[in-house]
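Take a look at the structure set out below.
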Amino acid sequence: MKTQIQTHECEIDDLLRRYIFQSIQTALSTVSTQIKVVCVKLTTRFEHSGDSTKLCSIQIMVHNSMWISANSETTYWLSTIDRAVQAAARATRREINRPLKIQQQSLLEFEN
């Protein structure tokens, strides 16, 4: 599973970069063999008041070349990243398990 991190309007240090890689590896460990690419985009949006919002967008390409996306935004990097990673992991597991559920339903209908 190849993981890429892109930044826009912000800089991240090596510690935060490692945190992102580790969070993604942990959250997607059960489905990692079915994932081709994970793209993480981090952006800081500055408000007129001087405050800033941290945005994290994660796109995951699974084995059938389908893209799954998840986004999060808060005022702190760690919570923004954690929320996006968890949302991406849930969506990825749901999509990967979907064909299994369809196959199981088909078998049940065939047996009846």
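Count residues from 1 along the sequence.
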- Item | Residues forming a side-chain hydrogen bond (donor to acceptor under 3.5 Å, both in side chains) with Ser52, sequence neighbours excluded |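 Partners of Ser52 under the side-chain hydrogen bond (donor to acceptor under 3.5 Å, both in side chains) test: Lys54.
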Check whether any side-chain heavy atom of [X] sits under 4.5 Å from a side-chain heavy atom of [Y], and report yes or no.
X: Val38; Y: Phe21; result: no
X: Val62; Y: Ile96; result: yes
X: Thr26; Y: Val85; result: no

Taking all atoms of both residues into account, what is the closest heavy-atom pair of [X] and [Y], and its distance?
X: Ala70; Y: Ala84; answer: CB-O, 3.8 Å
X: Val40; Y: Cys56; answer: CG1-SG, 4.0 Å
X: Ala27; Y: Arg93; answer: O-NH1, 3.2 Å

Rounded to the nearest 0.5 Å, how far apart are [atom1] of [X] and [atom2] of [Y]?
X: Leu28; Y: Thr3; atom1: CG; atom2: OG1; answer: 8.0 Å
X: Ile35; Y: Ile68; atom1: CD1; atom2: CD1; answer: 7.5 Å
X: Leu55; Y: Thr44; atom1: CG; atom2: OG1; answer: 7.5 Å
X: Ile58; Y: Gln86; atom1: CD1; atom2: CD; answer: 9.0 Å
X: His63; Y: Gln34; atom1: NE2; atom2: CD; answer: 4.5 Å
X: Ile12; Y: Arg18; atom1: CD1; atom2: CZ; answer: 11.0 Å

- Do Met61 and Ile5 belong to the same hydrophobic cluster, where Ile, Leu, Val, Met, Phe, Trp and Tyr are linked whenever their side-chain heavy atoms lie under 4.5 Å apart, directly or via other members?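 Met61 and Ile5: separate clusters.
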- hydrophobic_cluster_shared for Ile24 and Val37, side chain cutoff 4.5 Å: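 No, no single cluster joins them.
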- Quick one: list whatever passes side chain to side chain contact (heavy atoms under 4.5 Å, CB included) with Ser69, sequence neighbours left out.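 So Ser69 forms a side chain to side chain contact (heavy atoms under 4.5 Å, CB included) with Gln59.
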- Query: For Glu9, which residues count as a salt bridge (Lys or Arg N to Asp or Glu O under 4.0 Å) partner, sequence neighbours excluded?
  - Reply: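 By the salt bridge (Lys or Arg N to Asp or Glu O under 4.0 Å) rule, Glu9 matches no residue at all.
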- Item | Full working for side-chain contact (heavy atoms from CB on, under 4.5 Å) between Thr43 and Thr53 | CA-CA 8 Å; Thr43 306; Thr53 302; over 6 Å; no
- With a 3.5 Å cut-off and no angle check, do the side chains of Tyr19 and Asp82 form a donor-acceptor pair?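 On atom types as modelled, these side chains qualify, holding a pair under 3.5 Å.
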- Derivation of the side-chain contact (heavy atoms from CB on, under 4.5 Å) call for Asn97 and Val31: CA-CA 10 Å; Asn97 290 330; Val31 292; 5.7 Å; no
- Give a yes or no on whether Glu11 atom CD has more than 12 heavy-atom contacts from other residues, nucleotides or ligands under 6.0 Å away.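 For Glu11, atom CD is not crowded (no more than 12 foreign heavy atoms under 6.0 Å).
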- Message: Quick check on His8: does its NE2 atom have over 12 non-hydrogen neighbours (other residues, nucleotides or ligands) under 6.0 Å away?
- Response: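 Result for NE2/His8: open.
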- Between Thr80 and Thr74, is there a donor-acceptor pair closer than 3.5 Å when you use the side chain of the first and the backbone of the second?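 Yes, because the side chain of Thr80 sits within donor-acceptor range (under 3.5 Å) of the backbone of Thr74.
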